[in-house]
Protein chains: 2
Amino acid sequence: MNIGEAAARTGLPAKTIRYYEEIRLIRPHRAANGYRFFSDRDLHKLSFLARARALGFSIEDCRMLLALYEDETRASADVKRVAEGHLRRIDQKIADLKSMRETLSELVEACAGDHRPDCPILKGLSAEPARMPG
Amino acid sequence: MNIGEAAARTGLPAKTIRYYEEIRLIRPHRAANGYRFFSDRDLHKLSFLARARALGFSIEDCRMLLALYEDETRASADVKRVAEGHLRRIDQKIADLKSMRETLSELVEACAGDHRPDCPILKGLSAEPARMPG
DNA sequence: ATGGGCCTTCCAGTATTGGGAAGGTCAAGA
DNA sequence: TCTTGACCTTCCCAATACTGGAAGGCCCAT
């Protein structure tokens, strides 16, 4: 199939599929007219990539996972290691965002949000960060 | 003070400070030799930027917040609106990450992580996403 | 004069696309 | 057969928010 159909079937934009070829995640064949030709196997790989990306894996993680996926002699431990590393990064990001959220929501709640210029949010951003006593 | 001292005092890399000048977030004066010269006011603005960035505000949000910071006649409602918008984006990101985390941790827990090739993680990435019954 | 540590500008790269221009190909209809 | 429109191609630029490095100027101390 051509790239348009591959895009429709995987949900990936054609642009993204071309990019994945450029960085050698996939290597579709070419028809005589120069059009990319995607086999069912290519389609499976694209779907795999779409799902891995949706779970937030980086392109390089995806490259590793795809290689493991295609290696019948892989050890599941190798896959698990990649996934656990990603899980830790996700947890770190969640923790960072929660910390930001907490600080920011305190400032937002303290702000009257009216016509007056006095604003705890701006005060909080311009002051030294509050430190826990002790 | 020169850029090195401004960097040391704000915790921002000199490169980042130059970038902030390039995109016109700050406009330090220049000494006769061409070196940037940072006033205390510039330093306050840099610290403000550092804190806003640490809370995850985008550069464009920072530009807006800085303008409000410098506008004595601002309405706190305008500041609050920017902050609330950011808070919503943070909540959305947290929700997305939690959703990823949940799916991924299920796969990781199901994976033996040994020398055998059988791997629920790869299966999960290659299969249609599970759908709730109903 | 020399050396080291500042400072300057400019160029290029990161990761992952998205947008769009300029042009080739194909299938269907008049 | 010609045209139209939907595909497809490559190439270049934009975005975010920096980060690295090269080449060279400035300043101070020895």
Side-chain angles (χ1 to χ4, degrees), chain A residues 1-39 42-43 45-46 48-66 85-86 89-90 93 96-97 100, chain B residues 1-39 42 45-46 48-66 85-86 89-90 92-93 96-97 100:
Chain A
M1 73 198 68
N2 287 344
I3 198 169
E5 193 179 341
R9 289 222 219 162
T10 60
L12 290 171
K15 277 270 185 187
T16 298
I17 296 176
R18 290 193 193 98
Y19 174 67
Y20 288 171
E21 184 191 21
E22 188 191 329
I23 64 174
R24 312 231 167 216
L25 277 178
I26 51 164
R27 294 159 184 268
H29 286 103
R30 296 292 177 131
N33 59 13
Y35 288 15
R36 288 169 183 82
F37 182 84
F38 295 83
S39 66
D42 291 324
L43 207 71
K45 289 171 75 170
L46 285 174
F48 182 99
L49 288 169
R51 292 193 194 98
R53 294 286 299 133
L55 286 180
F57 283 102
S58 72
I59 291 284
E60 288 316 304
D61 278 350
C62 288
R63 193 187 302 281
M64 178 75 68
L65 291 172
L66 207 47
H86 182 43
R89 286 193 295 276
I90 289 177
K93 277 189 196 173
D96 290 348
L97 285 168
M100 287 180 193
Chain B
M1 72 198 69
N2 287 344
I3 198 169
E5 192 179 340
R9 289 223 220 162
T10 60
L12 291 170
K15 276 272 186 185
T16 298
I17 296 175
R18 290 193 194 98
Y19 174 67
Y20 288 171
E21 183 192 22
E22 188 190 328
I23 63 173
R24 312 234 168 214
L25 277 179
I26 52 165
R27 294 159 185 268
H29 287 103
R30 296 291 178 132
N33 59 12
Y35 288 14
R36 287 169 184 82
F37 183 84
F38 295 84
S39 65
D42 292 323
K45 289 171 75 170
L46 286 173
F48 183 98
L49 288 169
R51 293 194 193 97
R53 295 287 300 131
L55 286 180
F57 283 103
S58 71
I59 291 284
E60 287 317 305
D61 278 350
C62 288
R63 191 187 303 280
M64 179 74 67
L65 291 172
L66 206 48
H86 181 43
R89 285 192 296 276
I90 289 177
Q92 184 59 57
K93 276 188 196 173
D96 291 348
L97 285 168
M100 285 179 194

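In what follows, chains carry the letters A, B, and so on, assigned in the order in which the sequence lines appear, proteins first and then strands, with residues in each chain numbered from 1. Bear in mind the structure is a predicted one, so any value in this text is a computation, not a measurement.
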Is the shortest side-chain N/O distance from T16(A) to OP1 or OP2 of dG18(C) below 4.0 Å? yes

Is it true that E22(A) and K15(A) make a salt bridge, defined as a side-chain N closer than 4.0 Å to a carboxylate O? no

Which is true for Y20(B) with a 4.0 Å heavy-atom rule: it touches a base, it touches only sugar-phosphate, or it touches nothing? sugar-phosphate

Step-by-step salt bridge (Lys or Arg N to Asp or Glu O under 4.0 Å) determination, R53(A) to D61(A): CA-CA 9 Å; R53(A) 294 286 299 133; D61(A) 278 350; over 6 Å; no

Integer-rounded Å distance: dA27(C) C1' and Y35(A) OH: 11 Å

Students should find that the nucleotides of DNA chain D closing off the region near chain A, any atom under 4.0 angstrom from a heavy atom, are dC7(D) to dC11(D)

Using atom types as modelled and distance alone, determine if a side-chain donor or acceptor of R18(B) lies under 3.5 Å from a backbone N or O of I3(B). no

Nearest-Å distance for atom pair CD1/P, residues I3(A) and dC26(C): 16 Å

Go through the structure and list residues passing ring-ring contact (aromatic ring centres under 6.0 Å, His included) with F57(B), not counting sequence neighbours. H86(B)

What is the nucleic acid contact for I59(A), judged by heavy atoms within less than 4.0 Å: base, sugar-phosphate only, or nothing? sugar-phosphate

Value in whole Å for how far the C1' atom of dT16(C) lies from CG of L12(A): 12 Å

I'd like to know if the side chain of D42(A) and the backbone of S39(A) have a donor-acceptor N/O pair within less than 3.5 Å. yes

By the 4.0 Å heavy-atom rule, please label R36(A) as base, sugar-phosphate, or nothing. sugar-phosphate

Look at the side chain of N2(A) and the backbone N and O of G4(A), then say whether any donor-acceptor pair between them is shorter than 3.5 Å. no

Residue mapping more 5' on DNA chain D - nearest nucleotide basis, R53(B) or N33(A): N33(A)

Among residues at least two apart in sequence or on other chains, which ones pass side chain to side chain contact (heavy atoms under 4.5 Å, CB included) with T16(A)? L12(A), P13(A), Y20(A)

Distance in angstrom units between E22(B) CD and dT8(C) C1', rounded: 13 Å

Please give, in whole Å, the distance from dT8(C) C1' to R18(B) CZ? 7 Å

Nearest whole Å is fine: how far is dC26(C) P from F37(A) CZ? 14 Å

In whole Å, I'd like the distance from the NZ atom of K15(B) to the C1' atom of dC6(C). 15 Å

Nearest-angstrom distance from the residue atom OH of Y19(A) to P of dG20(C): 21 Å

